[in-house]
Amino acid sequence: MHDVMTAALRQYLLQRFPQRRDPAVLDLTSLTAGWESDVFSFDLVHGPPEDRTREPLILRLYPGPAALARAKAAHEFRALRLLARAGYPVPRVDALEADASPFGPPFLLMERVRGEVLGRLAQGAEPGRRRAYLRLTMTLLARLHRLDPRPFAESPAALGAADGRAPLRAMLDRWQAQIAALSGSAALGRDGALEGLWGWFRAGAETVPPGRPAVIHLDFHQNNILLREDGSPVVIDWTGLDVADPRVDLAWTLVLSYGGGPALQAAMLAEYERASGAAVEGLAYFSALAAARRVWSVCAALTLGAGALGMRPGAEEAIRRSLPAVAAHYRTIVATTGQRLPAVEELLAGGA
């Protein structure tokens with residue numbers, strides 16, 4: 001399979017980058033480990049025989065329904081370009097191929113960062129170094145939230161309104177539309193339970209302390225941060241970039257850190273507040289919202305198949321391993337909102 005992909009990639013590069021003379025694709029290797037995309041590394045060698053150039057690159061394929069896959073690829077391409085323009089540390093992106101992919105799914109070509117995954121470094125580090133990595137992580141998140149959101153906003157609804165709740169309302173609108181499109185056959189859609197939960201979040205959005213619009217990542221964790229050989233960070237995986245209340249992003253990062261326990265979450269929050277220069281208000285609401293997003297995405301993927309959500313086919317096995325944490329997130333939802341989702345309880349009880 002790799003030989004076929006290598007040949008197809010070389011032919012694509014010949015047509016897409018004619019200035020890269022006599023290209024050769026070397027060491028094409030699958031790096032896929034997450035739920036969403038298929039990622040390959042390779043070296044592109046090009047130039048005259050006496051002066052060949054070697055570029056380490058990434059090929060990122062977007063599986064799933066064609067329209068959704070094209071939209072995700074285009075969204076991440078736009079995000080990377082805008083973030084680089086804003087001076088935020090992201091990989092260089094070289095090409096978007098949404099319609100004429102030789103592999104079928106659309107893809108991006110981007111720089112392959114020479115360095116280490118921060119999450120792996122933190123796992124084996126001594127306590128002082130782990131604290132430094134944690135501080136770097138939350139400083140990067142706070143730095144993202146300070147960017148000017150206006151170039152990133154695709155809808156004025158994410159920016160306006162004097163009461164400071166427009167970003168949250170706009171995000172709830174988008175999430176509700178996405179959930180409604182799938183919930184007729186997904187685990188959360190039974191007996192009006194989802195509507196009751198959503199009504200709680202809608203009402204809570206009008207009473208939670210007001211926020212502000214910010215650029216958010218929506219999958220910000222240490223395995224999405226690379227450290228270059230010189231120690232400088234690079235943040236990857238921008239399919240979820242949005243403009244919304246930054247507390248949505250912070251709460252999602254805390255949800256993802258559940259396995260580290262309450263002490264880790266408290267330390268993360270303290271570092272974020274230090275880096276942002278302000279206390280975070282209303283976090284319980286946003287933690288419940290993030291937990292609901294996590295529970296819904298997992299249950300929908302296991303009910304409908306990961307591909308229906310634009311995730312990588314075959315990701316269900318990895319998703320199923322997250323069920324113990326998902327059960328804890330579901331308990332957070334119930335404790336905070338008082339709302340129960342019987343179909344989710346059945347799915348969790350049966351282990352999917």
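Because the structure is a prediction, the values reported are computed rather than measured. All heavy atoms count here, side chains included; hydrogens, waters and symmetry mates do not.
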Take atom [atom1] in [X]; do more than 12 heavy atoms of anything else shown fall under 6.0 Å from it?
{"X": "Arg16", "atom1": "CZ", "answer": "yes"}
{"X": "Arg81", "atom1": "CZ", "answer": "yes"}
{"X": "Arg92", "atom1": "CZ", "answer": "yes"}
{"X": "Glu281", "atom1": "CD", "answer": "no"}
{"X": "Arg202", "atom1": "CZ", "answer": "yes"}

Do the side chains of [X] and [Y] get close enough for a salt bridge, i.e. N-O under 4.0 angstrom?
{"X": "Glu206", "Y": "Arg169", "answer": "yes"}
{"X": "Asp245", "Y": "Arg212", "answer": "no"}
{"X": "Arg228", "Y": "Asp230", "answer": "no"}
{"X": "Glu154", "Y": "Arg78", "answer": "yes"}

Distance from [X] atom [atom1] to [Y] atom [atom2], nearest 0.5 Å?
{"X": "His221", "Y": "Leu141", "atom1": "NE2", "atom2": "CG", "answer": "12.0 Å"}
{"X": "Leu197", "Y": "Gln339", "atom1": "CG", "atom2": "CD", "answer": "6.0 Å"}
{"X": "Leu31", "Y": "Arg60", "atom1": "CG", "atom2": "CZ", "answer": "11.0 Å"}

Next on the checklist: With a 4.5 Å cut-off on side-chain heavy atoms, are Phe42 and Arg10 touching?
Outcome noted: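 With C-beta onward as the side chain, the pair stays apart.
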Next on the checklist: Between Arg165 (side chain only) and Ala205 (backbone N and O only), is there a donor and an acceptor less than 3.5 Å apart?
Outcome noted: yes
Item to check | Test applied, salt bridge (Lys or Arg N to Asp or Glu O under 4.0 Å); reference residue, Asp43; option that passes from Arg54, Arg52, Arg114 | outcome: Arg54
Next on the checklist: Please evaluate residues Thr139 and Arg274 with respect to the criterion side-chain hydrogen bond (donor to acceptor under 3.5 Å, both in side chains), reporting the C-alpha separation (whole Å), side-chain torsions for both, the decisive distance (0.1 Å), and the verdict.
Outcome noted: CA-CA 8 Å; Thr139 298; Arg274 177 201 59 78; 2.9 Å; yes
Item to check | Centroid-centroid distance, Phe17 to Tyr12, less than 6.0 Å | outcome: no
Checklist entry - What class does the angle between the rings of Tyr285 and Phe201 fall in, given that below 30° is parallel, 30 to 60° is tilted and above 60° is perpendicular? => result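 Plane angle over 60°, so perpendicular.
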Checklist outcome for this item: The single option from Leu44, Val4, Leu14, Val25 that satisfies side-chain contact (heavy atoms from CB on, under 4.5 Å) with Leu9 is Val25
Next on the checklist: By the definition side-chain contact (heavy atoms from CB on, under 4.5 Å), identify the one residue from Arg293, Arg247, His217 that meets it with Trp252.
Outcome noted: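 Output: one option passes, namely Arg293.
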Checklist entry - Other hydrophobic cluster members with Val234, side-chain heavy atoms of Ile/Leu/Val/Met/Phe/Trp/Tyr under 4.5 Å, chained? => result Val113, Val117, Leu226, Ile236
